[in-house]
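Below, all heavy atoms of this structure are taken into account, side chains as well, without hydrogens, waters or symmetry copies.
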Amino acid sequence: MKKLHKVGKFYTRIIMNNIGIFIFIGILSVIFNDHGWFPDKDMYAISQLVYKVILPSFIAYEGGRAVSGKEGGIAGVLAVTGLIWHQSSAELLGAMLLGPTAGYLWKKECLWIEKKVPSSMQMLGKNLILGTTGALFSAAGIYLILPLLERTAELFFSGISFLTRYNMTACLSIFIEPAKVFFLNNVVNHMMLVPAGMEQIRETGSTVLFLMETNPGPGIGVILALFYMKKLHKNETASVLTAHALGGIHEVYFPFVLADLRLLPAVILGGMTGNIVFQISKSAVKGMVSPGSIFTILLMADSGCRWKVLAGILLSAATSFLTGVLILKKASVYQKKHSSPKISSFQKKETEEEPESRLQQEHAQEENMEKSLKKIAFVCDGGIGSSVMGAALLRRKLQSLGKTEITVEAYAVDLVPEDIDIIICQKDFYNIHGSALENRQVHLVDSLLQTEECMALFRENERGEMIK
C-alpha cells in the first residue's frame with residue numbers, strides 16, 4: 001500500500017504540474033470540436049497537436065526531472081520522441097513510463113561519469129552520453145517498447161470498453177470510492193483514469209471516465225447526512241460543502257468516513273448511482289476534470305448533456321444521503337468523537353475561562369508566535385487540495401492579528417522543507433501516512449479547515465506537547 005501510494009504521489013505531481021495543458025486541451029475540445037459551441041477545424045487541430053506532441057513531451061520532461069533534475073528531464077523528452085513520431089495510441093502512457101526511466105538511467109550515468117571521467121572532460125562526456133541515451137531510448141521506443149505498450153494499453157482499454165459496452169461502469173465505484181476515502185484518489189485518477197480517459201477522448205471525442213472519480217455527489221450526500229443527524233454544525237457543514245462541491249477539494253470529507261467506516265457503503269452506492277445515470281444518459285466530458293468541482297464538470301461536459309451530468313451528481317448525492325441517514329439511524333451507538341471533528345482541549349478551556357484569563361492567554365500566545373513559530377506547513381497528500389485552503393485560512397487569521405512575519409504554506413506530505421517549525425496535519429491522514437513526518441514537530445487537527453483548532457498549536461508549543 002505504501003509503495004502504491006508513493007508511486008501515485010509521484011505521478012500526481014507530474015500530472016498536476018501540467019494540469020494547465022490538460023485544461024487547455026479540454027477547453028479547445030469543448031468549444032471547437034465538430035459538435036462544440038463554435039466548431040473550428042483549425043482550433044480543434046491545435047488541441048490534438050498539443051495532446052499528441054506537447055503533452056507527452058512535458059509529461060516525460062517532468063518525470064525525468066523529478067528523478068534527476070533538468071538533464072534527466074531532457075533525457076525523458078528524447079526518450080519519448082520515437083513514440084510521438086510514430087503517432088501511436090500510447091504516447092501518454094509511454095511518456096509516464098519512459099520519462100522517469102530515462103531520468104533514472106541518466107542519474108546513474110552521471111555518477112559513473114563523475115567517478116571515471118576527468119573533470120576537464122566531464123561536460124563533453126555528459127552531453128555525448130545524454131544525446132546517446134536519448135537516441136537509444138527513442139529507437140527502443142519504436143521497435144521494442146511500443147509494441148509492448150500498445151498491447152498493454154489495448155488490454156487495459158478493452159477492459160474499460162467491456163465495462164462500458166455492458167453498462168458495468170458502475171462497478172468501478174466499488175474500487176474508486178474506498179480508494180478515495182483512504183487518500184488514494186490521486187492514484188486512481190492520475191494513474192488509471194487519466195490515460196484511459198484521454199485515449200477515449202482521442203478515439204470518440206469524449207469520455208465518461210473523468211466523471212467517476214471527480215463526481216462530488218457521494219461526498220455531498222455523506223456531509224448532508226451527518227448534518228441531518230446533527231453530527232456536524234451548520235457553519236462547519238457550509239464550509240466543508242463549499243470546499244468539496246464548489247472548490248473541488250474532496251479530501252475534506254474523507255476523515256468523516258474514515259472516522260466511521262459504516263458510512264463507506266453510502267459513498268459506494270452514491271458513486272454507483274451516479275455512474276449508472278451517466279451510463280444510461282450517455283453523459284460525457286470533453287476534457288480532464290480538475291479539480292472535481294461542479295463548475296469544472298459542467299464546463300467540460302458535452303453541451304447537450306450538462307443537465308444529465310448534473311442529474312447524475314444530484315442523484316448520487318441523494319443516494320449517499322439516504323443511505324448515510326439509514327446507517328446512522330440504525331447504529332445502536334454512535335460515538336460523536338468518531339463522526340465529526342472534535343473540540344480540542346485548547347478550545348474547551350477557552351470557553352470555560354474568564355475574560356481576563358483569556359486575554360492573558362492571547363497575549364502569551366502572541367509572544368510565543370514571535371519567539372518560536374516563524375514557518376508553518378499544512379500538509380496533505382499532494383499539497384494542492386485541503387492543505388492549500390487550510391493554509392490560506394490560517395494565514396488570513398494571523399494577518400488579522402498583525403502577525404505578518406509568520407509564513408504559512410501548503411506542501412505534499414513528503415516534500416516539507418527542513419526549516420519548517422511546525423507541521424499541521426489531519427489526524428486520520430497522519431495515522432495512514434505519518435511515517436513521512438517522523439522526527440518532525442506535528443500538530444494534529446480533526447479538520448484542516450478549522451482555524452481555531454489550528455491556532456491551538458501555539459498553546460501546545462508553549463507546553464511542549466508537539467508530536468516529535
Mark yes or no for whether H244, through its side chain, and Y253, through its backbone, hold a donor-acceptor pair below 3.5 Å.
-> no
Mind checking the CG-CG spacing from L322 to L269? Nearest 0.5 Å is all I need.
-> 11.0 Å
Chi angles and distances behind the side chain to side chain contact (heavy atoms under 4.5 Å, CB included) call for L224, L241 | CA-CA 8 Å; L224 291 177; L241 272 180; 3.6 Å; yes
Taking all non-hydrogen atoms of both residues into account, name the closest pair between I423 and R440 and its distance.
-> CD1-CB, 3.8 Å
Report yes if some heavy atom in the side chain of M229 is under 4.5 Å from a heavy atom in the side chain of V325; otherwise report no.
-> yes
Any donor-acceptor N/O pair, T273 side chain to T319 backbone, under 3.5 Å = no
Taking atom CG of L98 and atom CD1 of I145, what is their separation to the nearest 0.5 Å?
-> 4.5 Å
Can you tell me how far the OH atom of Y51 sits from the CG atom of L28, to the nearest 0.5 Å?
-> 15.0 Å
Y61 and V77 have their tightest heavy-atom pair at CB-CG2, 3.5 Å
When you look at I46 and F24, which way does the side chain to side chain contact (heavy atoms under 4.5 Å, CB included) test go after all the steps?
-> CA-CA 10 Å; I46 291 175; F24 174 87; 4.1 Å; yes
Between D421 and K375, is there a salt bridge with N-O shorter than 4.0 Å?
-> no
Hey, does F278 have a side-chain heavy atom less than 4.5 Å from the side chain of N215?
-> yes
Are any non-hydrogen side-chain atoms of K397 and L393 less than 4.5 angstrom apart?
-> no
Taking C-beta and beyond as the side chain, do Y143 and H86 meet within less than 4.5 Å on heavy atoms?
-> no
Regarding S138 and T81, is there a side-chain donor-to-acceptor distance under 3.5 Å anywhere?
-> yes
Can you name the closest pair of heavy atoms from T323 and A266 and give their distance?
-> CG2-CA, 3.7 Å
Heavy-atom closest pair (S283 atom, C305 atom, distance to 0.1 Å) is CA-SG, 4.1 Å
Walk me through it: do R395 and E409 pass the test side chain to side chain contact (heavy atoms under 4.5 Å, CB included)?
-> CA-CA 8 Å; R395 193 183 302 120; E409 300 293 341; 4.0 Å; yes
Taking every heavy atom of I174 against every heavy atom of I268, the minimum-distance pair comes out as CA-CG2, 4.2 Å
Test item: D428 and N431 side chains (from C-beta on) under 4.5 Å apart, heavy atoms = yes
Under 3.5 Å: donor-acceptor pair, side chain of R65, backbone of K70 = no
Could you state the interatomic distance from OG1 (T214) to CE (M300), rounded to the nearest 0.5 Å?
-> 11.0 Å
Under a 4.5 Å cut-off applied to non-hydrogen side-chain atoms, are F429 and V413 in contact?
-> yes
Side-chain heavy atoms of H443 within contact of C425, under 4.5 Å | no
Distance in Å, S173 OG paired with M212 CE, rounded so as to fall on 0.5 Å steps = 7.0 Å
Listed by chain and number, what are the salt bridge (charged side-chain N to carboxylate O under 4.0 Å, His left out) partners of K52, not counting sequence neighbours?
-> none
Tell me, with the steps shown, if I21 and N18 meet side chain to side chain contact (heavy atoms under 4.5 Å, CB included).
-> CA-CA 6 Å; I21 301 178; N18 294 281; 3.7 Å; yes
Taking Q441 for the side chain and I422 for the main chain, is one N or O donor matched with an acceptor at less than 3.5 Å?
-> no
Does the gap between the ring centers of F32 and F38 come in under 6.0 Å?
-> no
Exam field: side chain K180 to backbone F254, donor-acceptor pair closer than 3.5 Å | no
Between S316 (side chain) and I313 (backbone), is there a donor-acceptor pair under 3.5 Å?
-> yes
For the residue pair A102 and A75, what are the closest heavy atoms and their distance?
-> CB-O, 3.6 Å
Y411 side chain reached by I420 side chain, heavy atoms, under 4.5 Å | yes
Quick check: does any side chain N or O of S387 sit under 3.5 Å from a backbone N or O of V379, one acting as donor and the other as acceptor?
-> no
If you round to the nearest 0.5 Å, how far is CG of L448 from CZ of F378?
-> 6.0 Å
